[in-house]
Amino acid sequence: MRRSTLALLLLASPLFADGGLASYVEGIDAIERGQYDAAVASLSTAIQSEPENADFFTARGVAFALSEHVAEAHKDLDRSLKLRPQHDE
């Protein structure tokens with residue numbers, strides 16, 4: 001099954017109606033397509049839903065870095081490490 005098909009199935013699931021996981025999946029797919037602004041928008045929505053999720057900040061930091069927004073990338077990646085300090089090992 002192709003990744004985009006899997007993402008669509010996940011997004012259609014009622015399990016993803018709440019929280020930021022659906023937006024996270026959309027953001028990851030946008031990164032893979034090279035649509036970094038769309039990725040940042042989706043991942044920002046995910047972060048609004050779950051502001052303590054380190055993975056969401058990591059993914060948005062990557063999207064910012066790929067779009068050459070270095071200061072924003074640094075801020076998000078730093079926040080991710082503060083939420084999950086053992087990640088720096």
Side-chain angles (χ1 to χ4, degrees):
M1 182 178 293
R2 288 185 32 191
R3 182 175 171 88
S4 59
T5 303
L6 178 59
L8 287 174
L9 290 172
L10 290 173
L11 292 173
S13 169
L15 296 174
F16 291 88
D18 296 325
L21 194 52
S23 295
Y24 173 76
V25 171
E26 289 173 4
I28 296 299
D29 282 345
I31 289 172
E32 290 178 349
R33 292 189 310 272
Q35 298 174 338
Y36 306 126
D37 291 338
V40 167
S42 293
L43 294 164
S44 294
T45 299
I47 288 168
Q48 287 176 338
S49 296
E50 296 182 41
E52 301 300 310
N53 189 314
D55 294 328
F56 294 177
F57 279 97
T58 300
R60 190 174 72 175
V62 168
F64 275 134
L66 291 169
S67 63
E68 299 181 8
H69 291 92
V70 177
E72 292 91 341
H74 185 271
K75 181 180 173 186
D76 275 0
L77 295 172
D78 186 53
R79 177 71 176 139
S80 177
L81 285 174
K82 287 181 178 156
L83 289 170
R84 190 180 305 147
Q86 69 276 15
H87 241 213
D88 67 353
E89 297 175 354

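In this chain, numbering begins with 1 at the start of the sequence shown.
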Measuring from Lys75:NZ to His69:NE2, what's the distance to the nearest 0.5 Å?
13.5 Å
For the student: nearest non-hydrogen atoms of Tyr24 and Asp55, plus distance:
CE1-O, 3.9 Å
So CG of Asp29 and CD of Gln35: to nearest 0.5 Å the spacing works out to 10.0 Å
Identify the heavy atoms of Gly20 and Ser49 that sit nearest to each other, and give their distance.
N-CB, 3.5 Å
Mind checking side-chain contact (heavy atoms from CB on, under 4.5 Å) for Ala63 and listing every partner two or more places apart, or none if nothing turns up?
Ile31, Ala39, Val40, Leu43
Interatomic distance, Leu77 atom CG to Thr58 atom OG1 [nearest 0.5 angstrom]:
6.0 Å
Partners meeting side-chain contact (heavy atoms from CB on, under 4.5 Å) with Glu52 (sequence neighbours left out):
Arg79, Leu83
Sequence neighbours excluded, the answer for side chain to side chain donor-acceptor pair (under 3.5 Å) partners of Lys82 is Asp78
For a quick test of reading the model, state the closest non-hydrogen atom pair linking Ser42 to Ser23 and the distance between them.
O-CB, 3.2 Å
Just how far is it from atom CZ of Arg33 to atom CD1 of Ile28, taken to the nearest 0.5 Å?
11.0 Å
For a quick test of reading the model, state the closest non-hydrogen atom pair linking Ser67 to Tyr36 and the distance between them.
CB-CB, 3.7 Å
On a heavy-atom basis, which atom in Phe57 and which in Pro51 lie closest, and how many Å separate them?
CE1-O, 3.3 Å
